[in-house]
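Here is the structure we will look at, set down as structure tokens.
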Amino acid sequence: MSRFAVTNTRVFTGTHIADASVVVVEDGTIAAVGHEVPEGVEELDGGGGTLLPGLIDAHTHTDEDGLRTALRFGVTTELDMMSVPDVMNPVRKKVQTEFDLADVRTASWGLAHPDGHPHQLRRDLDDPVWPTATVPSQAPAFVEGRLSEGADYIKIMVEDGTAFGTSLPVVPPEVVAAAVEAAHERGAMALVHALSATATRVAVEAGADGLTHLHYDEVISDDLILRMREQGMFVITTLAVTASGASDGAGPRLAADLRVASRLNAAWRDNLGREFAWNAHLPNALRSVGLLHAAGVEVLAGTDAAHLGAPGLAHGASLHDELRLLEAGGLSPVEALTAATRRTADRFGLTDRGRIEPGAAADLVLVDGDPTSQLSATLNTRAVWRRGHRLAPAGVTGEQDA
């Protein structure tokens, strides 16, 4: 039986700082949170730092390399928001037994118009023909197909191309509504990609559970906020990709931080140091974050980190900047941390993570300093554990060669 205790540490439970200085782990599970170390248990001195639940990025497009990179930054779970199942399913099997990768959940194929987003971005990727639904009667079969592939939730694209300076056909609102209804009938969440206020309204009208982006073409309206709160919707903010689209300089600044650069290979450093540079408007998004949060609509931390070639982002690293941007939008450091731990875990039914409490998985991050008062301390990583398996020190602080 593997047993150890992290001692001399501040403990952030996922919602608050606990009256505790010791976390005991047995066989990959948190056994106790308190002040005592059981006899015979190995002690790991936390050096007066802070122990956090493993972070969760609520919006990525990932693969094995992305999951390995994410874990170096204390992101122990990624929620993949669209992928090719023949690529993702082997990775999902691997993370069950290889603990140098973050865990992952996935939407599998997203419901997209056959000639719409994101096909214009994937022409050279040799994708197989995507399953789709073009009329409401086809929506149940689409949903059933994704769930049979192992999808954990359903993703629907509502994107007219305006954000990318073009015009694209969209999934009709009646098909969106039918897909949401079919997902709910199967007990699955339905999430909608929406980068515009118009698309957000389509998602709300359809009764979606959540939005995978926060639109930025205008500040969110009071009536949308009211309806979202009444319907219990949540928003994955993806401020990191909005900042890249707005040429805010967030990615290059993050890439220049030695705490980040030391954990990325040259290709990922270069990717993070560039910018998408489209017509995104970050101030609108930040204002909307504050309004949603003040109204009680849950916001979850997600980045839209994808593959090399999606500039201004890097798996794991960008979630730390998402936290910074959430604070800029009006959340306190504790609220931002909760958006990347307990709140996201609960929304996605991941009740074994996002928290430090007995019975939870030992997905843990030890950092120097106190991120509940200074969020940037999340990057002061001393150790990362997934399911009680500690990431090799070189994977936390050492240079990663291409």
Side-chain angles (χ1 to χ4, degrees), residues 52 54-81 83 91 94-95 98-104 238-245 247-277 301-326 340 363-369 371 375-386 389-402:
L52 307 167
L55 302 177
I56 303 171
D57 190 332
H59 186 147
T60 70
H61 301 278
T62 198
D63 55 17
E64 183 173 339
D65 178 55
L67 296 174
R68 183 168 284 109
T69 303
L71 192 63
R72 297 176 195 147
F73 291 90
V75 174
T76 55
T77 302
E78 287 196 342
L79 303 181
D80 174 76
M81 284 297 158
S83 60
V91 176
K94 181 169 285 193
V95 301
E98 297 186 19
F99 297 97
D100 61 343
L101 305 168
D103 198 1
V104 65
T238 62
L239 297 170
V241 76
T242 301
S244 182
S247 300
D248 181 68
R253 287 193 299 271
L254 194 61
D257 189 324
L258 291 179
R259 298 173 298 175
V260 173
S262 64
R263 284 178 261 179
L264 294 176
N265 64 31
W268 275 113
R269 284 196 299 270
D270 176 70
N271 197 77
L272 182 59
R274 296 182 293 119
E275 295 184 301
F276 253 130
T303 63
D304 204 14
H307 50 78
L308 290 168
L313 300 166
H315 288 271
S318 291
L319 187 62
H320 295 267
D321 218 41
E322 190 76 21
L323 298 179
R324 176 188 67 83
L325 290 162
L326 285 172
D363 291 353
L364 303 168
V365 186
L366 178 64
V367 301
D368 289 326
L375 264 176
S376 61
T378 59
L379 279 169
N380 299 335
T381 313
R382 295 188 61 191
V384 176
W385 293 265
R386 188 169 83 80
H389 295 262
R390 186 170 182 173
L391 185 65
V396 176
T397 59
E399 172 70 13
Q400 304 294 325
D401 294 327

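Residue numbers run from 1 in the order of the sequence given.
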- prompt: Under 3.5 Å, is there a donor-acceptor pair between the S83 and D80 side chains?
  reply: yes
- prompt: Can you list the residues that meet the ring pair (Phe, Tyr, Trp, His ring centres under 6.0 Å) rule with H59, with sequence neighbours excluded?
  reply: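 Testing H59 for ring pair (Phe, Tyr, Trp, His ring centres under 6.0 Å), a comparison that skips the adjacent residues, returns H61, H213.
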Inter-residue atom distance [X].[atom1] - [Y].[atom2], 0.5 Å rounding:
{"X": "L319", "Y": "L325", "atom1": "CG", "atom2": "CG", "value": "11.0 Å"}
{"X": "D103", "Y": "T77", "atom1": "CG", "atom2": "OG1", "value": "5.0 Å"}
{"X": "E78", "Y": "D57", "atom1": "CD", "atom2": "CG", "value": "5.5 Å"}
{"X": "R259", "Y": "T381", "atom1": "CZ", "atom2": "OG1", "value": "8.5 Å"}
{"X": "W385", "Y": "T76", "atom1": "CH2", "atom2": "OG1", "value": "12.5 Å"}
{"X": "T60", "Y": "L79", "atom1": "OG1", "atom2": "CG", "value": "7.0 Å"}

task: Assess whether side-chain contact (heavy atoms from CB on, under 4.5 Å) is satisfied between V241 and T303, documenting all intermediate values.
output: CA-CA 6 Å; V241 76; T303 63; over 6 Å; no
Contact summary for [X] and [Y], nearest pair of heavy atoms:
{"X": "L52", "Y": "T378", "value": "CD1-CG2, 4.4 Å"}
{"X": "A261", "Y": "A255", "value": "CB-O, 3.6 Å"}
{"X": "H315", "Y": "T62", "value": "CE1-OG1, 3.5 Å"}
{"X": "A314", "Y": "L272", "value": "N-CD1, 3.9 Å"}
{"X": "L313", "Y": "W268", "value": "O-CZ3, 3.7 Å"}
{"X": "V365", "Y": "V384", "value": "CG1-CG2, 4.4 Å"}

Main-chain N/O of [Y] paired with [X] side-chain donor or acceptor, under 3.5 Å:
{"X": "N271", "Y": "G309", "value": "yes"}
{"X": "D248", "Y": "A243", "value": "no"}
{"X": "R324", "Y": "H320", "value": "no"}
{"X": "R386", "Y": "V95", "value": "yes"}
{"X": "E275", "Y": "P311", "value": "no"}
{"X": "R269", "Y": "L264", "value": "yes"}

- prompt: Which residues satisfy the salt bridge (Lys or Arg N to Asp or Glu O under 4.0 Å) test with E64, sequence neighbours excluded?
  reply: R68, K94
task: Indicate yes or no: does R253 engage D257 in a salt bridge with an N to O separation below 4.0 Å.
output: no
query: Going through the distances and angles, do L254 and L379 end up as a side-chain contact (heavy atoms from CB on, under 4.5 Å)?
result: CA-CA 11 Å; L254 194 61; L379 279 169; 4.2 Å; yes
task: Would you check, one step at a time, whether the test side chain to side chain donor-acceptor pair (under 3.5 Å) holds for D304 with T238?
output: CA-CA 6 Å; D304 204 14; T238 62; 5.9 Å; no
